[in-house]
Amino acid sequence: MIIRIPWLLLLATVFIMTISGNPLFLQQSGRNIKPVIRWRPPMDTWNWTETPRNDEPFFIPSNFTHKLPPSANETELIAHMAALKRNYSRLLWDSDKSSNLPLFVDKALKLLNLKQVYYEVEHSVMSKVSCTACKAGAGLLQHYMRLGKSKEEINKMIYQFCVSLNIQSARVCEGITRLFGSEVVYVLKRITIGPNEICSFVIGDACGDVYNPYHEWEVAFPPVPKPQAKALEPPIEKAPTFKVLQISDTHFDPYYAEGANAECNEPLCCRASNGPALTPGGGAGRWGDYRKCDTPKRTIDHMLKNIADTHTDIDYILWTGDLPPHDVWNQTKEENLKVLQETVAQMSDMFPGVPIFPALGNHESSPVNSFPPPYISSPESNIAWLYNELDAQWRRWLPAGVSHTVRRGAFYSVLVRPGFRIISLNMNYCNNKNWWLLLNSTDPATELQWLIYELQSAEFSGEKVHIIGHIPPGHSDCLKVWSRNYYAIVNRYEATITAQFFGHTHYDEFEVFYDPNDLGRATSIAYVGPSVSPYYDLNLGYRIYYVDGDHDATTRLVVDHETWIMNLKEANLFGYPIWYKLYSARSAYMMPSLRPQDWDAFIDDMTSKEDVFNLYHKHYWKNSPRRGTCDGECRKRLICDARSGRSHDRRALCVHIEARIDGAAPAPQTWRAWLYNGLPSVQQV
């Protein structure tokens, strides 16, 4: 999950400086204005077709016999027992709608509506307010650079305004300025685009779809015709399966302190450095806290032991990133590497002999979201310190042949079983909070072109592919141009890619992909797994998938999945956490299978049936007692999220969804969409 406060502090603070009559802004006459550095990235000569490819099956199954979750009919027979066993106390808390006080000091946030800016950026729900702040801040920073201000002078001014307006505590202002100021100044000095283009790039649709020739690009596909799309048959019932664990967004906080102040005025609380609680209910809980706090070690230890004891038949693990805590103003490379090393060792100890396939999160770098492409080679700026350590740590699970791509860009491809491949992507190259991409966003590290090569090779070999990563490609944190190219890749190789797995949002959700030429035809499904961290207002969770296994007619589709959670309020109240299965997808949502068209039909059900949506909303929040209600706008947003495998394109993907929820007539795009939307009671098969 992205902590979006750092870049916002820089831009929002200089926004205030802009309109407050800062004398440095007003004194323009008589100054020598220095030109912007004319910078071009060096050519990247990496040839992905000449690198060795993993073609030996890496995973030897343990021949477990997995008991799948009960079907909907079976569930009806045992529902009353499950309710008696598990729900007796949860009913007590479901009506609790309490919420925390805002993190930031009200007085500063009310100034110029900054409170709304912070909320929008933190929740990735942008409006013109955030766009205006971004443009003003970026414009003033570029103005200072033209005046010849040094990065030290600019950083000092940003810090002074941050502190004087109480935007954050002095130590947070100092840390953010120190960690991020130099990087932002470096990038802004080397680009020729202005505030309109910068903020359209960073924020997306809320700042308009500003044409930017420096950030318009398309990947190249080989001259191989796409196989004709065929109706996707559901997996054979009771066929062999793989049982797969997904763990995401652990955000382990080594400095979590029970009883510490959980209501601090910083981005992360519940630490000894926050001091003792100031109110009777203001102390950090023993097992975690719903407020802006990350995961204590005892809770992660308990979860992993419970998984190892409860799910003794796990075949392999998907580990989709975000290991360090959210103290983004106070992080160092050394601290983040230590968290990486400790968590890798812990996973190895808890799951000996179980293959683990990791993906890189946006929090692993220091500063957060900072992932310079390979052409940034200076020792003080490049990312080799992290990628080299990832290669060393991941090597205990991955074959040696993937080392070259891990060190280049933290992505890799592994043949898991004959005919079945896992590809792990570094989604930070689509992260619009990665300022380095403003220099050149054209397929950073040549990752997508490499992905096409891997998928085309898999198609030639008759392999099915699962893709894993951290930031979901349809999320607003993913660059529009990168997401558009990825969407085209998924469409071209829809017969090869049978599932995708991501994290980052901390919620329990999914994204459906559609044929760009026929938005009524679903082509792929991306599963977005829940976070371990409760940050914030969430219960802790993990996912179990049952994947079509080794047999002659295997589809490699996900047959079913379960979400397991721990009710944090009960754990702190009774002194002991209990992990339990919240739901299984096919049973809860009455789905015949989990093909893309089945998820598309489920979206239709959520659109037309409020009770179906309310159940999804409960699971989306991992049954948190702090989830609150979801009004019509909230409902449209969450359903549109589920339909958006392509970011910043809600107008094309969701207009008919919004019209139906509002009670208006739908606006069909194609004859298939017209038929689908005009007959909501008919499920696609």
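Given the structure is predicted, the values throughout are model-derived calculations rather than measurements.
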Handout entry: Salt-bridge present (K338, E335; N to O < 4.0 Å)
Key = no
Practice task
Would you check if there is a donor-acceptor pair between the side chains of Y290 and N539 at a distance under 3.5 Å?
Solution key: yes
Problem - Closest contact, heavy atoms only, F371 versus N362 - result: CE1-O, 3.5 Å
Exercise for the section: List the atom of W385, the atom of S365, and the distance in Å for their closest heavy-atom pair. Expected result: CZ2-OG, 3.9 Å
Exercise for the section: Just say parallel, tilted or perpendicular for the rings of H251 and H506, cut-offs at 30° and 60°. Expected result: tilted
Exercise for the section: Consider only side-chain N and O atoms of N155 and T177, and report whether a donor and an acceptor are under 3.5 Å apart. Expected result: no
Handout entry: Exceeds 12 heavy-atom contacts within 6.0 angstrom, atom NZ of K609
Key = no
Exercise for the section: For K622 and P534, indicate whether the former's side chain and the latter's backbone hold a donor-acceptor pair under 3.5 Å. Expected result: no
Exercise for the section: Measure the spacing between NZ of K292 and CG of D537 and express it to the nearest 0.5 Å. Expected result: 9.0 Å
Exercise for the section: Examine distances only and state if a side-chain atom of N274 and a backbone atom of R271 form a donor-acceptor pair shorter than 3.5 Å. Expected result: yes
Practice task
Carefully, step by step, assess E511 and Q500 under the rule side chain to side chain donor-acceptor pair (under 3.5 Å).
Solution key: CA-CA 9 Å; E511 292 178 354; Q500 306 169 58; over 6 Å; no
Handout entry: Side-chain donor-acceptor pair present, N369, N431, cut-off under 3.5 Å
Key = yes
Problem - Parallel, tilted or perpendicular, as decided by the 30° and 60° cut-offs, for the rings of Y527 and F501 - result: parallel
Practice task
Measure up the W621 and H617 rings against each other and bin them: parallel (under 30°), tilted (30 to 60°), perpendicular (over 60°).
Solution key: perpendicular
Problem - Main-chain N/O of K433 paired to D477 side chain as donor or acceptor, under 3.5 Å - result: no
Handout entry: Any donor-acceptor N or O pair under 3.5 Å, side chains S366, Q331
Key = no
Exercise for the section: Give a yes or no on whether the backbone of L323 and the side-chain of E364 come within a donor-acceptor separation of less than 3.5 Å. Expected result: yes
Problem - T563 side-chain N/O to L582 backbone N/O, donor-acceptor pair under 3.5 Å - result: no
Practice task
Would you please say whether a donor-acceptor pair under 3.5 Å links the side chains of D322 and H470?
Solution key: yes
Practice task
Check the pair E658 / R650 against salt bridge (charged side-chain N to carboxylate O under 4.0 Å, His left out), numbers first and verdict last.
Solution key: CA-CA 10 Å; E658 296 179 350; R650 302 174 88 87; 5.3 Å; no
Practice task
Give the ring-plane orientation class for H561 versus W599, where under 30° counts as parallel, over 60° as perpendicular and anything between as tilted.
Solution key: parallel
Handout entry: Modelled atom types, side-chain donor and acceptor of D508 and H619, under 3.5 Å
Key = no
Problem - Check: Y536/H326 side-chain N/O donor and acceptor closer than 3.5 Å - result: no
Handout entry: Lys/Arg-Asp/Glu bridge criterion (N-O < 4.0 Å) met for D662, R635
Key = no
Problem - Derivation and outcome, salt bridge (charged side-chain N to carboxylate O under 4.0 Å, His left out), residues K297 and D301 - result: CA-CA 6 Å; K297 185 177 187 302; D301 291 344; 2.9 Å; yes
